[in-house]
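For this chain, numbers begin at 1 and follow the sequence in order. Note that ligands are numbered from 1 as they come in the structure, with each ligand's atoms numbered from 1 the same way.
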Amino acid sequence: MTLPERYDAERIERRWQEAWEEASRRPAAGDPAKTFYLLEMFPYPSGRIHMGHVRNYTIGDVLARFLRARGYSVLHPMGWDAFGLPAETAAIQRGVQPATWTYENIAAMRVQLRRLGFSYDWWREIATCHPGYYRWEQLFFLQMLEKGLAYRKKAVVNWCDQCGTVLANEQVEDDQCWRGHRPVVQKELDGWFLRITAYADELLEGLDGLPGWPEKVRTMQRNWIGRSEGVEMTFAVAETGDAIEIFTTRADTLFGVTFVSIAAEHPLARKLAEAGGNAAAVEAFIDRIRRQDQAERSQGKDGVATGCHAIHPLTG
Ligand SMILES: [Zn+2]
């Protein structure tokens, strides 16, 4: 037998990929106490694997193979983060059903991932848009609802009349929808929220159990969890009798309060402007502020007087 002149990637790799896949279906040998669950992340099925995926999944696969070689039974699943706004957007653009588009993309990306030879347990593959998967999410949601951890609240969202959808901040460019370049309006809609603040203490304690993580990441997590300790107080509005609840971490500064400000979205904003005789100026201000993105808003210290007065709870 003579060795071929060239490395025939097609033939050789396919043969080994089939052998690996066959092996992955057999129960793992080795020590039952040495198990490892390895999940990199589920890609969004946008249509094609890109180099960011290849890099990320290669790192995970190296680890999976290393652990298997050391006698671990490794669970290395793959699936698809396949629900939501991007699929809806693509479906609108192409005039196809979101399901058709999503499953076609999954099929194309699965072929690509398989040809890369990653050692996934393909027989455990899931897609989050599949009823067999999301029935469990629905069950979790109902349990959170029963425990008071899921609740409804009005929230201000970016809305495009032409598309008839909510837009993520990234889809708004210069106050316009990225798709049709129509103006984006701020609309108040009912939304579902999860009471993650109920877990602030637990999450913070959990961070202490991650000694190997960079301090920068742990700080980011701490900021995101956002627990702070302080006092709550209520300022009454002299003109209307409304109550404004405040929270401060610096109770010692309360005697120095000279004004109370509320967000442009605050349910009292328009009411107080009416009562204070400043409706037109406040309306113009709200309109301007709502068009700003989060970064812009967090920099500014802009405000306009409603014309109403707050009564200091300590000094009257
Ligand atoms: Zn639009």
Task: N, O or S atoms of the protein lying under 2.8 Å from the Zn ion (ligand 1) - done: Cys160 SG, Cys163 SG, Cys177 SG
Are [X] and [Y] within salt-bridge range, i.e. N to O under 4.0 Å?
{"X": "Glu215", "Y": "Arg222", "answer": "yes"}
{"X": "Arg182", "Y": "Asp161", "answer": "no"}
{"X": "Arg14", "Y": "Glu18", "answer": "no"}
{"X": "Arg270", "Y": "Glu283", "answer": "yes"}

- [ ] Evaluate the side-chain proximity of Asp302 to Arg288: yes if any heavy-atom separation is below 4.5 Å, no if none is.
- [x] yes
Open item on the list: So does Ala273 get a backbone contact from the side chain of Asn278, meaning a donor-acceptor N/O pair under 3.5 Å?
Closed with: no
